[in-house]
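Small disclaimer: the values here were computed from a predicted structure and weren't measured. So you know, we letter chains A, B, ... as the sequences are listed, proteins then strands, and number each from 1.
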Protein chains: 2
Amino acid sequence: MTVGIRHDDLRRRNRAMVISAVRRAGQPSRTDIAATTALSPSTISAITADLISEGILVESRAGDAPAARRGRPQVAVRLNANAATILTVVLSMNQLSAALIDYAGETIAEERRKLPTLELSREALVDETVGIVRRLIVAAPDRQPIMRIVLAVQGITDSNERKLLWSPITPHADIDFSAILEKEFGIPVTVENDCNMIAVGLRWRNPERYARDFIAVLLSHGIGMGMVLRGELFTGTQSSGGEFGHMIHRPDGALCRCGRRGCIEAYAGNYAIWRNAKGLPETEAVARDVTDEDIRALADVARSRPGPEREAFRIAGEAIGFGLGNLFALIDPAPVAIVGHGANAFDLIEKPMLDAIARTAGGVHSGAISFDTEPDEMPLIREGCAMRALTFIDQEVFSPAQTAAPGRIVA
Amino acid sequence: MTVGIRHDDLRRRNRAMVISAVRRAGQPSRTDIAATTALSPSTISAITADLISEGILVESRAGDAPAARRGRPQVAVRLNANAATILTVVLSMNQLSAALIDYAGETIAEERRKLPTLELSREALVDETVGIVRRLIVAAPDRQPIMRIVLAVQGITDSNERKLLWSPITPHADIDFSAILEKEFGIPVTVENDCNMIAVGLRWRNPERYARDFIAVLLSHGIGMGMVLRGELFTGTQSSGGEFGHMIHRPDGALCRCGRRGCIEAYAGNYAIWRNAKGLPETEAVARDVTDEDIRALADVARSRPGPEREAFRIAGEAIGFGLGNLFALIDPAPVAIVGHGANAFDLIEKPMLDAIARTAGGVHSGAISFDTEPDEMPLIREGCAMRALTFIDQEVFSPAQTAAPGRIVA
DNA sequence: CTCTTTTTTTCGAGCCTCGAAAAAAATAAT
DNA sequence: ATTATTTTTTTCGAGGCTCGAAAAAAAGAG
């Protein structure tokens, strides 16, 4: 922050800016790029010429809307899909998936598998992860070199984005996935929190709604959160942070999976809804593995008649509402996306949630709050990972600090 | 964010960087500046020459430590105290103060007065503010033009930093102090939250401890908070945000001044401590104006023997602890400064506070948490305001976007 | 009084962006 | 069919900025 700007930074940053503009616009003309970056046409001309000669961009003559206008037609440029390849891995409860993605963001190959994450040994979990990566790499020999791996995992990651510090999906803590995978494959690896990737994915998918400030809440086994503030992904100072689900809703209240008492998750997680619906004591852990199917069944009952099921969803909505209200007290109201299977029961939790928010400081500008739901979180996580990896390539590899981009020129 | 960097931005930013380096270092040599900014000696030479000729910096031959070293002695540069003048105003409960500050940050003149803010009409409150500013300006005719006014006020301000949206010190809401003062004096005005200025002041005073991430909690009539994350002051998306005191500690719990139930302030504010110590019902407002003196007396009793007074402080500590723990769940542990008169009772609240934090997700890395106390908040707020105003001058006036700095050259 | 050391300035080279003008590539008009 | 018009893109020179190398400046050491 205290460091001056050197002359070569200029070109570096403007290169990254042009790449970013192309990534967002898809097939912009040079004029379009000049408009969005506020750089002069001459500068854009020079930079795009460089990027094309380096194989990062390609011209695609067929402008999507030639529209028979007068004048020299625009020549669209787009990302060269072959300029780079990245790999995403998503590790979540009982599920492991990976995908090979080209520079334009299209999926080249994919693999998904079920595995009992809670029961696997540390080594077995690591081996599964290494294995799925290896299979994808081996299956695409023409896609070498792969330039980046991004692994999203449900749990707390460190702020260097290298380790899984703690996760509800495995009893093992402090797994240095970056070191392991980098040693194995020689490719830079980033480890990310799944909800943070959901936030990145949401912004990519709908930049109108999810722009400068928004919140993504994942309702699943546990409660996760990702947040973008002032256009930047919010993280903790030492970890991925944003442990919304473990903010205390009621001091010394219901027992949480994490061992503490009164966490939001202990009222709104799958197991908590089950516990309340079945009238089990809230001071005791839930032995049963509560599935999405269980929750769906409870929701059906809750919709059909008043009773403990409906009350369980009310309690869940209330806990989330107070949590969001407290968050709004800190950051002010912002658009919220309710993601994950729990979004299917949003009709049951919405009213108690809004009632709770209205009882908090965040309820003052409740008009500014709006909710959207997305029951399937996996595609969002994958898209978020892909964007994270591609943004890294755009900035660090194709707009590097020192010499000209060493990126392989691929036809 | 999406906008490219132009060529003239370069010099602008590097100018600001040099000024900032001088402001932080005090009396650095050109070599020192080159080291901290990572710019070349030639560039620093050129920029400092400009700044000196514009009267923003001055050489001060008497290097503070000539130290009889070999070689050409360093020539220190420092800020020209006469380069600009700014004005700070602090409006808090029953108190209004203002100060005229030179470009080096030294106070030129000051005025403080008591006034019953809660009882004043909107017009009277505005008139008092205009009056104190006018008196300071009139009393220093040689200090024209004053380049910036920063007003810190206890309460919620808007994110454009122009209005007081709501405040506990007055029943009147939505006071556009910026518009009023700018119309009156023709000087740009910024309206800030007092706790945010405390955070800025803390960083200025002790940059070692209060660096990239820290939290300032003001314990007074109410509970306020200012926070710096990743080196930047944290604010809400639409307001000053950080309404820590109005996060809900216990849903539907004790009645808060704000009219809601269960806010942290309703357990830890002066009036809440009084209410609990005197055994008054927590569902009723406190009629009495609880003073710092009252709290001091309660604290003395609490220290001398067990009883409701000690319990009241325990409850306050617990509420703050759960609040901080929830904050730490979001941002991870960070150094905390307990500011304001409540810091005098820190010995009473520390233990219950730490106990509460240990019961939250923030307690996991409790080793990373450290507390410091500062009972007198007013000097910090003033310093924060001064720094805010001076930083603005450094960046916007003396490193302007377009033409060369129009700053008056003052000998 | 000369040599050494350190700081600061000077000067030319190399980039970068910009504006203006030219070139390119299409449609519209004659 | 040819010329005029319009819009996009490239070219080219000007102006700024930072940098490195060398020179100048300003001291103490010998």
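- For the helix from C:dC1-D:dG30 to C:dT30-D:dA1, the end axes, each set by the C1' atoms of five terminal pairs, are bent relative to each other by 20° (nearest 10°).
- Residue A:T31 has a polar side-chain atom (N or O) positioned under 4.0 Å from OP1 or OP2 of D:dT9.
- Residues in residues 40-52 of chain B take part in these salt bridge (Lys or Arg N to Asp or Glu O under 4.0 Å) pairs, two or more places apart or across chains: B:R11-B:D50.
- Scanning for side-chain contact (heavy atoms from CB on, under 4.5 Å) contacts around B:A389 gives B:I86, B:R148, B:V150, with sequence neighbours left out.
- Under the salt bridge (Lys or Arg N to Asp or Glu O under 4.0 Å) criterion, A:R209 pairs with A:D372, sequence neighbours left out.
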Tabulate atom names and distances for all N/O pairs under 3.5 angstrom spanning the protein and nucleotides 2-5 of chain D.
none

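- Note: B:Y103 and B:F398 meet the aromatic proximity criterion, with ring centroids under 6.0 Å apart.
- Residues passing the side-chain contact (heavy atoms from CB on, under 4.5 Å) test with B:D332 are A:T237, A:Q238, A:S239, sequence neighbours excluded.
- Scanning for ring pair (Phe, Tyr, Trp, His ring centres under 6.0 Å) contacts around A:F185 gives an empty result, with sequence neighbours left out.
- A:F214 is linked by a ring pair (Phe, Tyr, Trp, His ring centres under 6.0 Å) to A:Y210, counting only residues two or more places apart in sequence or in another chain.
- Scored by the salt bridge (Lys or Arg N to Asp or Glu O under 4.0 Å) test, A:R23 finds A:D394 as partners (sequence neighbours excluded).
- Distances shorter than 4.0 Å separate none of the side-chain N or O atoms of A:R69 from OP1 or OP2 on C:dA28.
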Report all interatomic pairs (protein N or O, nucleotide N or O of nucleotides 11-17 of chain D) with separations under 3.5 Å.
unit_1, atom_1, unit_2, atom_2, d
D:dG15, N2, B:H7, ND1, 3.1

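- Listed by chain and residue number, B:P28, B:S29, B:Q74 satisfy the side-chain contact (heavy atoms from CB on, under 4.5 Å) test with B:D32 (two or more places apart in sequence, or in another chain).
- Taking the side-chain contact (heavy atoms from CB on, under 4.5 Å) definition, one finds that A:R6 meets it with A:D8, A:D9, sequence neighbours left out.
- Between B:R6 and A:R72, the residue anchored closer to the 5' end of DNA chain C is B:R6, taking for each the nucleotide with the nearest heavy atom.
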